2 protein chains.
Amino acid sequence: MLISHPDRRTALKALHRERILGAAQALVDERGGPQFSVDELAARADVARRTVFNHFASLDEILLTLCDRALDVLIEDFLLEVRSAEIGDGSRGCVFDEIVKTIQSADLPLAITSATRLLGGSEAPDARRRALGDAVFARAAERLLLEVARRYPEADPLESELTVATLISGVSVIAKHWAALPGDRLDAAGRAEWQRLLATLTDHARAGYLPTT
Amino acid sequence: MLISHPDRRTALKALHRERILGAAQALVDERGGPQFSVDELAARADVARRTVFNHFASLDEILLTLCDRALDVLIEDFLLEVRSAEIGDGSRGCVFDEIVKTIQSADLPLAITSATRLLGGSEAPDARRRALGDAVFARAAERLLLEVARRYPEADPLESELTVATLISGVSVIAKHWAALPGDRLDAAGRAEWQRLLATLTDHARAGYLPTT
DNA sequence: GACACTAGGTGCATCGATGCACCAAGTGCA
DNA sequence: TGCACTTGGTGCATCGATGCACCTAGTGTC
């Protein structure tokens, strides 16, 4: 039935939006990627074609919303991890270590696999996929940054932002490499490779923080 | 899904109407009569209260529509019976006999029981129930008259109408008596009583057609 | 290159559902 | 009796879905 809303209009509007998103997710799941037309989506969602564009500016926006959805669960877990950690002294190294620890504990392989499929895997145009993928990571970075700022109000905002951006963009890079591995990357071997790539990233970034001796 | 219609708007409108009718029927079935409010009906149909009145002028109209529904199947069987009979000579007596035969073959006890429940049985105000019940019979008469006119184009329209009206109003009268019988009238005894009342009606009416000797 | 077709997307008018306020009638209670 | 409340119903404005026409870009074919 209808979600709790002040009135039926609002509820129906939300329901229609939800149906569009649900239909898109179902079609992606069935086809292994965004291989469907607006007409198919509208029919599956049981709305008029024009209605799809009443809710979303483009098909890409729908896919991005779905990526956000997939990411939401992960980021919530992520932030729970961050929030349950002891608050450090807010130094640059401490913030760095904290973010690294939570990145390591997050099931990023699963999230990347899911997002890759949503965005078309190896079948979509590279430029489009890259742009969408970048948007996904940008959103993750924003959220993480908000949390860091909340936890370390005395930390230099610019330094925090640079730290977060460095790590998230690094994650974006290794995600691309990891996603290019052949076969089922969600098995033990694939996950081990992910950890190896992640260690490379963190070592590389951490080396940038150590005082030169 | 949606019924076949020229466009979604038309289809959605029809769907909403159907949902209202379906909800009303369900509520009548659950409560043994029309004991429900507009608010309950709208909620059950998952439409706004105002929408109920966009489709129907009143609650009575909804109930009448449902009676029509119940009657439709019966009347279709009825008319099939009429249509499969040999066409007579169109004389007054022949038309009369034909209508009587089809009335006898129709499962009117079941239809009357169903309509009685829809209209509230012994619980609704008598005036209201009577008016609605009369409307039901009026509609049945109209339809039967159209069929008679089709089969006997040379028959006097006024005579046909009088014959049909006489019989249908007679059915209305005996239905009232039959419905007032205590207990389960759909058993063998109840149906036998119906046939007895029907015989009384037809004998009575037929006596009016025989030449005086 | 020209043309036809397809698909994503846009503008705008129309429609039916909805929200809201109100009315009249009926009911129950002090 | 008077008042408050409930219920069926009505008028009217608003909203979001829909229909339709159109645009642009891309693709395929001759």
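Below, chain A is the first sequence line, B the second, and so on; all start at residue 1. What you see is a predicted model; the values in this text were computed from it and never measured.
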Candidate nucleotides D/dG9, C/dG19, D/dG8, ranked by approach to the side chain of A/R9 - the nearest: C/dG19

base_contact_polar (C/dG9 base, A/R49 side chain, donor-acceptor, <3.5 Å): yes

side-chain N/O B/H16 vs C/dG16 OP1/OP2, d < 4.0 Å: no

Salt-bridge contact A/R49-A/E40 (side-chain N to carboxylate O under 4.0 Å): no

From CD (A/E193) to CG (A/D187), nearest 0.5 Å: 11.0 Å

Within 45° cone of A/W194 ring axis and under 6.0 Å: A/R185 NZ or CZ: no

Listed nucleotide nearest any side-chain atom of A/F53, set C/dA17, C/dT10, D/dT18: C/dT10

Lys/Arg N to Asp/Glu carboxylate O, A/E61 vs A/R17, below 4.0 Å: no

Out of C/dA17, C/dG9, D/dT18, whichever nucleotide has its closest atom nearest the side chain of B/T51: C/dA17

Touch class at under 4.0 angstrom, heavy-atom based, for B/F36 against every strand present: sugar-phosphate

Distance-only donor-acceptor test, A/R50 side-chain atoms vs C/dG11 base atoms, 3.5 Å: yes

Side-chain N or O of A/H55 closer than 4.0 Å to phosphate OP1/OP2 of D/dG16: no

